Amino acid sequence: MKKTFELIAPCHFGMEAVLKREITDLGYDIASVEDGRVTFIGDDEAICRANVFLRTAERVLLKVGSFHAESFEELFQGTKAICWEDFIPQDGKFWVAKASSIKSKLFSPSDIQSIMKKAMVERLKGAHGVEWFPETGSSYPLRVFLHKDEVTVGIDTTGDSLHKRGYRTLTSKAPITETLAAALIMLTPWNKDRILVDPFCGSGTFVIEAAMMAANMAPGMNRSFLSEDWKNLIPRKCWYETMDEANDLLDSDVKVDIQGYDIDGEIVKAARANAESAGVDHMIHFQQRPLTALSHPKKYGFIITNPPYGERIEEKKNLPELYRQIGERYKALDAWSLYMITAYEEAEKYIGRKAEKNRKIYNGMMKTYFYQFMGPKPPRLR
């Protein structure tokens, strides 16, 4: 009988419902949903499949314990009580890679990291019967969350964040992450049968993520993961089977109408190179084109975009005219929908129409808004 684990998938704040749906669609039971993370139940195969298939998670953590700690002594004892020998082999490399604390008496990340490492060493000394650890084997980095004095401890199975799909080698000035772009697309009713245009495509993230979705391309199929080396916990067979599943689901011949434009020709070249790296360049039409040339003869399309929002003072004076132009070009399209993420708080005012929905999303430390201007649905084919 396979051993089951609690697995924690962190995500962008505000995207928990999207990630929950993804995990449920993979066939796993949800244990809890909290701000910025979803916990679910799965076995060793689930670790592989979550890393390879989840589009909106930042990483996958193997939860190893939780306890209450208001003092460093309680933190030490709580950490020492965890059965680390069940997860970390004698030659394993282990450390607390990140510690975060919210509304807790213990708040110094460096002290938390140091004390937990000492407690792990003490536990593993007794378990393995040694006084010294070479730490020359596989890596088992910890991520620790303290919230209201409750400590949650997880081992990172992913390594580099899941937003690093492996295709984006060239970026524009203010790129949106791949995981957030995927989540925002999934918040819309867009599907592969509908037109999608990004008039500010930058490095191409929205259109590339959309093309990958249309082709049913697993976001993690072209990269590696830290836990691939965990032979004590995950058989190599699990990874091979997961990659076989990803390849079986891939439909690279799907027909789509996805377009990415930008006024900067060099940026368009970079976006095209990224799409080629992702294996979806044949699915996307890239072109150097200004916003004023945005048009399309067909109905019921989608604009999904991340327009400029004036990071520098001299840029801000141009924003009203820019967003007014977005509104004019959108209005000229027949029965289209517009989905736009921006940190410009007055964006809606210049579009010329009130958004049906407006979500606040934290993109890194920056508060942004996801405006949703929804057009009519196309009639059903009889």
Side-chain angles (χ1 to χ4, degrees), residues 7-23 26 35-38 40 47-61 97-98 100 141 143 145 154 156-188 198 200-228 242 246 260 267 270-271 273-280 284 304-306 339 341-343 359 361-368 370:
L7 302 172
I8 303 170
C11 64
H12 279 273
F13 282 90
M15 297 294 110
E16 297 86 359
V18 181
L19 176 55
K20 177 184 175 183
R21 186 170 74 240
E22 272 203 283
I23 293 168
L26 276 181
D35 286 347
R37 68 181 195 249
V38 179
F40 62 103
I47 295 173
C48 306
R49 295 184 72 236
N51 274 300
V52 171
F53 288 107
L54 291 180
R55 298 184 189 278
T56 63
E58 293 301 308
R59 59 185 65 250
V60 179
L61 307 177
K98 185 175 181 181
S100 60
R143 290 193 167 236
F145 312 94
D156 181 16
T157 74
T158 302
D160 286 340
S161 171
L162 289 176
H163 82 266
K164 295 185 178 180
R165 316 283 205 223
Y167 67 75
R168 197 166 74 176
T169 55
L170 301 165
T171 63
S172 57
K173 183 171 62 176
I176 188 170
T177 66
E178 294 86 333
T179 46
L180 181 56
L184 295 177
I185 295 170
M186 292 166 75
L187 279 175
T188 79
D198 182 356
F200 303 97
C201 74
S203 54
T205 311
F206 271 128
V207 290
I208 292 171
E209 289 295 318
M212 290 172 68
M213 290 180 193
N216 214 8
M217 179 184 290
M221 67 185 300
N222 294 315
R223 56 160 287 173
S224 59
F225 304 96
L226 185 147
S227 54
E228 287 180 47
T242 300
I267 289 294
N274 288 338
E276 186 176 355
S277 180
V280 295
I284 306 168
I304 304 178
T305 192
N306 176 29
Y339 297 86
I341 182 171
T342 176
R359 281 175 175 254
I361 296 165
Y362 281 86
N363 184 13
M365 296 303 293
M366 181 182 292
K367 182 169 66 174
T368 57
F370 187 51

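These numbers were taken from a predicted model, which means no experiment stands behind them.
- With a 4.5 Å cut-off on side-chain heavy atoms, E178 and P219 do not count as touching.
- Remark: the N51 side chain and the T157 side chain contain an N/O donor-acceptor pair separated by less than 3.5 Å.
- Minimum interatomic distance between A97 and P141 (heavy atoms only, all atoms of both residues): CB-CB, 3.9 Å.
- Minimum heavy-atom separation, A181 to E209: CB-CG, 4.3 Å.
- The backbone N or O of K164 lies less than 3.5 Å from no partner atom in the side chain of S161, so there is not a single donor-acceptor pair.
- Nearest heavy atoms, R223 versus L162: NH1-CA, 3.6 Å.
- Side-chain atoms of E16 come within 3.5 Å of backbone atoms of G36 as a donor-acceptor pair (strictly under, hydrogens ignored).
- Within the 4.5 Å cutoff, the side chain of I341 has heavy atoms near those of the L180 side chain.
- Between the CG atom of L26 and the CZ atom of R49 there is a distance of 5.0 Å, given to the nearest 0.5 Å.
- N274 contributes a side-chain N or O that, together with a main-chain N or O of S203, makes up a donor-acceptor pair within less than 3.5 Å.
- When all heavy atoms are compared, the tightest approach of G279 to M217 is O-CE, 4.2 Å.
- Rounding to the nearest 0.5 Å gives a distance of 4.0 Å between CG of L19 and OG1 of T56.
- With values rounded to the nearest 0.5 angstrom, F370 atom CZ is found 6.5 Å from T188 atom OG1.
- Looking at R59, its side chain does come within 3.5 Å of a backbone N or O of G159 through a donor-acceptor pair.
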**OP:** Determine, step by step, whether L7 and I47 satisfy the side chain to side chain contact (heavy atoms under 4.5 Å, CB included) criterion, reporting the C-alpha distance in whole Å, the side-chain angles of both residues, the deciding distance to 0.1 Å, and the verdict.
**Re:** CA-CA 8 Å; L7 302 172; I47 295 173; 3.8 Å; yes
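- T179 has its side chain out of reach of C11: every pair of non-hydrogen atoms, C-beta onward, lies at least 4.5 Å apart.
- Here the side chains of Y339 and L184 are not in contact, with every heavy-atom distance at 4.5 Å or above.
- Between the OG atom in S227 and the CG atom in D156 there is a gap of 8.0 Å [rounded to 0.5 Å].
- Under the salt bridge (charged side-chain N to carboxylate O under 4.0 Å, His left out) criterion, R37 pairs with E34, not counting sequence neighbours.
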**OP:** Output, in order, the C-alpha distance, side-chain angles, deciding distance and verdict of side chain to side chain contact (heavy atoms under 4.5 Å, CB included) for I361 and F13.
**Re:** CA-CA 6 Å; I361 296 165; F13 282 90; over 6 Å; no
**OP:** Take V18 and L187, measure what side chain to side chain contact (heavy atoms under 4.5 Å, CB included) needs, and give me the verdict at the end.
**Re:** CA-CA 7 Å; V18 181; L187 279 175; 3.6 Å; yes
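- In this structure a side-chain-to-backbone donor-acceptor pair under 3.5 Å is present from R165 to R55.
- No side-chain heavy atom of V60 sits less than 4.5 Å from a side-chain heavy atom of I8.
- For the atom pair E228 CD and T242 OG1, the distance stands at 10.0 Å (nearest 0.5 Å).
- Here the shortest heavy-atom pairing between F206 and T305 reads CE1-C, 3.6 Å.
- Atom CZ in F40 sits 4.5 Å away from atom CD1 in I23 (nearest 0.5 Å).
- Under the 4.5 Å side-chain criterion, counting only non-hydrogen atoms from C-beta, N306 is not in contact with F200.
- I176 is not listed as a side-chain neighbour of H163, based on a closest heavy-atom distance of 4.5 Å or more.
- Of all heavy-atom pairs spanning A246 and A218, the tightest one is CB-CB, 3.9 Å.
- No side-chain heavy atom of E276 sits less than 4.5 Å from a side-chain heavy atom of Y167.
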